[in-house]
Amino acid sequence: MSVPSKARAVVIGGGVSGCSVAYHLAKAGWTDVVLLERRKLTSGTTWHAAGLIGQLRGSANMTRLAKYSADLYRGLEAETGVATGMRQVGSISVALTAERHEELLRQATVARIFDVEVHEISPSEVKSRYPHLNIEGVVGAVALPLDGQCDPANIAMALAKGARMRGAQIFEMTRVSRVTTANGRVTGVDYETAEGPGHIEADIVVNCGGMWGRDLAAQNGVTLPLHACEHFYLVTEPIEGLGELPVLRVPDECAYYKQDAGKMMLGAFEPKAKPWGMDGIRPDFEFDTLPEDWEHFMPILEMATHRMPLFQTAGIHTFFNGPESFTPDDRYYLGEAPELKGYWIAAGYNSIGIVSSGGAGQALAHWITEGEPPFDLWEVDIRRAQPFQKNRRYLKERVSETLGLLYADHFPYRQMATARGVRRSPIHEHLKARGAVFGEVAGWERANWFANPGQEREYRYSWKRQNWFDNQRAEHMAVRTGAGLFDMTSFGKIRVEGRDACRFLNRICSAQVDVPEGRIVYTMFLNDRGGIEADLTVTRLSETAFLAVVPGATLQRNLAWMRARVGEDFAVITDVTAAESVLCLMGPKSREVLSRVSPNDFGNAAHPFGMAKEIEIGMGLARAHRVTYVGELGWELYIPTDQTAHVFETLMEAAPELKLCGLHTLDSCRIEKAYRHWGHDITDEDHVLEAGLGFTVSRKKPAFIGREAVLRKEQQGLDRRMVQFRLKDPEPLLFHNEAIVRDGRIVGPVTSGNYGHFLGGAIGMGYVPAKGQTDDDILSSRYEIEVAGRRHEAIASLVPMHDPNSERIKA
Ligand SMILES: Cc1cc2nc3c(=O)[nH]c(=O)nc-3n(C[C@H](O)[C@H](O)[C@H](O)COP(=O)(O)OP(=O)(O)OC[C@H]3O[C@@H](n4cnc5c(N)ncnc54)[C@H](O)[C@@H]3O)c2cc1C
C-alpha cells in the first residue's frame with residue numbers, strides 16, 4: 001500500500017492519541033483519513049504507560065470524557081479482535097488526611113452527577129479489599145468498581161485496527177517533516193520515508209505528536225506549550241499469593257499500585273519532577289527508556305515500603321523511566337490552533353493520556369466533523385494557551401511542578417509556585433508593598449487578596465475557610481458600603497477599527513453595537529446553537545473604532561473567533577491589552593472618591609451608566625467606563641500604561657480610606673449579583689436564553705450569528721434555567737462542581753460558587769431542568785446542595801439576590 005497523495009485529514013503520530021483520533025474520525029464517517037507515524041505505532045510514550053483507567057476526575061466534563069474512554073475500551077476487544085488487557089478490577093483511592101478525604105468525597109459527588117458508580121468506604125473495608133495494605137493513618141477512601149487497567153499499547157493497536165476496519169490508512173516509518181500552508185490555512189503535509197519524500201494534500205491536519213508536538217507546531221508558528229518530564233515506576237518480581245487486586249492510589253504518598261500478572265507495580269508522582277529533552281529529542285528515539293534514578297525515586301519507595309510491607313522483601317524486576325509530555329496547567333490540549341486554520345491538536349496528556357485519549361479522540365473528531373465540540377471543552381481548549389508559553393525556559397521550570405500536582409491536594413484557589421511573574425501590571429510593586437498576595441492567570445500576576453500589616457502573605461489552603469477569608473470579607477464589605485479599588489489590567493483588550501467595524505461586530509454580537517459614540521454594550525458572541533462563545537463589553541470609541549473587553553484568560557480564543565469571522569469586512573482586529581491598564585473603582589462612595597482626583601462631572605446626567613468618557617485624573621488622562629462586575633456604583637478606569645502608576649498614587653493619596661481589593665472579592669461580589677462567569681456558568685454549550693441572558697440579544701437586528709437559535713428556543717421553550725442558590729447554613733462553602741439536588745434527586749453541578757459576605761452564606765449558580773415549567777414550578781421545589789457527600793438546604797432565586805433591580809448601580 002502506498003501513501004496516498006490526497007486525504008480528507010492527516011493525523012500525525014501513532015500513539016494512543018493519534019490512533020483514537022483516527023478511529024473516531026473514521027467512525028464519524030470520515031473514512032478518507034491517513035495516520036503517519038515516524039517510527040512504529042506506540043513507540044513514543046504510549047508503549048510504556050502503566051495502563052490505569054480511572055474515572056474520578058476533578059471536573060464535570062473531564063469525568064464525562066474519562067467515563068467515555070472506560071466504556072469504549074471495555075468493548076474494543078470484541079469489536080476489533082485485539083486483546084486490550086482491559087480488566088475492570090476497580091480502584092480504591094485512600095486519604096491519609098481529612099483534607100484529602102474531603103477532596104475524594106467531592107470528586108465522588110462529581111462522579112455521581114455523571115452516573116459513575118462510586119462508593120465511600122471505611123479504612124477497614126479498604127483492608128478487607130486490599131489485605132497487603134498497611135492502613136495506619138488511613139482516614140477514608142472511595143472505591144470505583146468499574147475502573148480498570150489495560151495494556152496501553154494494545155489499546156492503541158485496537159484503536160488503530162478499528163480505524164483501519166473503517167477505511168483509515170496507517171503508515172509507519174513515515175515522518176512528517178512539515179505541515180504545508182497557504183493563505184493562512186493548512187494545505188497538507190510533507191513527509192519522509194526510507195524510499196524518499198512525499199506530500200499529502202489535506203485541509204485538515206491533526207498534531208498528535210506527543211512530546212514532539214511542540215516543535216512540530218512551532219514550525220508553523222502554532223503555540224503548543226508542552227515539555228517532557230521523566231516519569232517513573234518500578235515492577236517487582238512475581239510475588240506469591242498477590243491475588244486479584246484493584247488499582248490502589250495513595251496520593252498523599254505520591255504513589256499508585258497495580259497488580260499485573262502476579263507482580264506489583266509502584267508508580268510515582270513526585271513533587272519535584274525532572275524535565276527532559278531540553279536539547280530536543282534524538283531522531284532515532286523509538287521504544288526508548290531513560291536511565292534509572294534511584295536517588296530520585298527513593299523517597300517514594302521508602303513510603304511505599306511502609307505502606308505496602310511486601311516491598312520489603314520483593315525483588316525488583318524493572319525500574320522504568322520514560323518521558324511524557326506535561327503542560328503548564330496540567331491539562332491537555334484539544335482543538336484548532338488559533339494561528340492556523342485546519343491545524344488541529346490532541347496532545348500534552350500529563351500522564352493520563354491512556355484514560356483521556358478515548359474521550360478526547362471522540363470529542364475532537366466530533367469537533368472536526370461537526371464544526372463544534374460535543375460539549376464545553378474550554379478546560380482543555382488549545383486557545384487557552386498564551387503565546388509566551390512557548391518559551392522553553394518557562395516550560396521547563398513549570399513542568400517540574402505540574403507532574404507532582406497530579407497527586408497533590410487540589411485545593412480551591414491553589415496557585416502555581418513555579419515560573420511566575422512573567423506578566424505584570426505597572427502597579428505590581430505598589431500593590432505588593434500594600435500587602436497583595438498574587439495569583440496567576442494566563443501568565444498575569446493578579447492581586448487575589450490583600451494581607452493586613454503583619455499578616456502572613458501566603459495561602460494556607462484548605463477545603464474550609466482559608467486564611468484570607470476575613471480579608472475577603474473586609475474587602476467585600478468595603479465594596480458594598482464604601483469604595484474599593486481593583487487592578488483589572490489583565491483584561492484582554494481588542495481594538496476593532498475600520499470602515500466595516502460596526503457591521504462586522506453587529507454580525508458577531510448578540511446585542512446592537514451601532515450605538516452613539518461612548519456607549520458601552522454588554523453582549524455575547526453566540527454560536528449557531530445559541531451557545532455562548534464569549535461574554536464581553538464593546539465600547540464605541542468613534543464612528544469606526546470599537547474596544548472589546550474580555551477576560552484575560554479567554555483573549556486568544558476571542559481573537560481567534562473574531563479573526564475567523566471577519567471575512568471580507570474591512571476591519572482591523574488588534575490586541576491592545578498591553579496599551580492600557582484598568583483600575584476599577586467600585587462602591588457607593590466611588591463617585592465621591594473620583595471627584596477628589598478629577599474635575600469631571602460624574603453625576604447621573606453627565607455620566608450615566610453604560611457610558612465611557614475621557615476624564616482628567618491627577619495630571620493625566622483616562623477613559624472612565626461606567627460599568628460594574630460587582631453590582632455597585634462604579635467606574636472602570638482605562639489608563640495608558642505609562643500613566644497608571646501616577647493615577648494610582650493620586651487616588652491613594654486623595655483617598656487613603658480606599659480599600660484595595662483582590663480577585664477573590666471581585667468573584668464573591670459578582671456572585672451575589674448573579675453575574676455569570678464565562679467558562680463556568682456560561683460556555684459554548686449553554687444557550688443564551690437558558691443562561692438568563694436574553695436581555696443581551698437584540699430582537700431588532702435582522703441578522704447575527706445565533707439569531708435563529710434564539711428564535712427557535714423562544715418557540716420551543718427552555719429545557720433548563722440558570723438559578724442562583726444560597727445555603728441556609730452560613731458555615732459550608734461552595735466552590736464549584738458540588739451537586740444540585742432538587743426534590744431529593746441530583747440534577748446537575750454547581751457551575752460556580754463563592755461566599756456571599758453581604759448576603760450571609762455560600763452562593764452557588766447552576767442549571768436546573770425547566771422543560772414546560774413556570775418560575776413558580778422551579779422555585780417551589782426543595783433544593784439542597786451536596787458538598788462532599790453531605791446535603792445542605794438551599795434557597796433558590798431566578799433574580800439576583802443582591803440588588804435585583806440594579807438600583808445601587810444606577811444610583
Ligand atoms: C511511566 C508512565 C506511566 C504512565 N501511566 C499511565 C496510566 O496509567 N494511565 C494513563 O492514562 N496514562 C499513563 N501515562 C501517560 C500516557 O502514556 C501518555 O499520556 C500517552 O501515551 C500519550 O500519548 P500520545 O499519543 O499523546 O503520545 P505518544 O505515545 O508519544 O505518541 C506520539 C507519536 O507521535 C509520533 N510522532 C512525533 N512526531 C512525528 C512526526 N513528525 N511525524 C510522524 N509521527 C510523529 C511519535 O513517534 C509518537 O509515536 C503514563 C506515562 C508514563 C511515561
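All ligand and atom numbering here is 1-based and tracks the order in the structure.
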Would Arg166 count as a cation-pi partner of Tyr23, with NZ or CZ less than 6.0 Å from the six-membered ring centre and within 45° of the ring normal? yes
Arg64 to Phe375, cation-pi by 6.0 Å centre distance and 45° axis angle: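 Yes, a cation-pi geometry holds between Arg64 and Phe375.
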So among Gln389, Arg383, Gln556, Glu339, which one has a side chain to side chain donor-acceptor pair (under 3.5 Å) with Thr223?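 The passing option is Glu339.
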Which option wins on minimum heavy-atom distance to [atom]: [options]?
| atom | options | answer |
| --- | --- | --- |
| atom 29 (O) of ligand 1 | Leu226, Val189, Thr46 | Thr46 |
| atom 12 (N) of ligand 1 | Cys229, Ser351, Ser20 | Ser351 |
| atom 28 (P) of ligand 1 | Val10, Thr45, Asn207 | Thr45 |
| atom 6 (C) of ligand 1 | Ala66, Ala50, Ala360 | Ala50 |

What atoms of ligand 1 come closer than 4.0 angstrom to any heavy atom of [X]?
| X | result |
| --- | --- |
| His48 | 52 (C), 53 (C) |
| Trp212 | 30 (O), 37 (C), 38 (N), 46 (C), 48 (C) |
| Val355 | 10 (C), 11 (O) |
| Ser17 | 24 (P), 25 (O), 26 (O) |

Just checking, is any N or O donor in the side chain of Ser17 or Ser357 under 3.5 Å from an acceptor N or O on the other one? no
I'd like to know if the side chain of Thr63 pairs up with that of Gln55 as donor and acceptor (distance under 3.5 Å, no hydrogens or angles considered). no
Lys/Arg N to Asp/Glu carboxylate O, [X] vs [Y], below 4.0 Å:
| X | Y | answer |
| --- | --- | --- |
| Asp409 | Arg414 | no |
| Lys263 | Asp260 | no |
| Asp203 | Lys341 | no |

My understanding is that only one of Phe269, Tyr256, Tyr349 makes a ring-ring contact (aromatic ring centres under 6.0 Å, His included) with His231; could you say which?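 Of all the options given, the one that passes is Phe269.
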Do me a favour and list the nearest non-hydrogen protein atom to [atom] with residue, atom name and distance?
| atom | value |
| --- | --- |
| atom 35 (C) of ligand 1 | Glu37 OE1, 3.2 Å |
| atom 22 (C) of ligand 1 | Glu324 OE1, 4.0 Å |
| atom 2 (C) of ligand 1 | His231 CD2, 3.3 Å |

Residue-level breakdown please: for [X] versus ligand 1, do any non-hydrogen atoms fall below 4.0 Å on the side chain, on the backbone, on both, or on neither?
| X | result |
| --- | --- |
| Tyr191 | neither |
| Ile12 | side chain |
| Ile53 | neither |
| Cys208 | backbone |

Taking the non-hydrogen atoms of Met211, is any one of them nearer than 4.0 angstrom to ligand 1? no
Would Phe320 and Trp47 count as a close aromatic pair, with their ring centres under 6.0 Å? yes
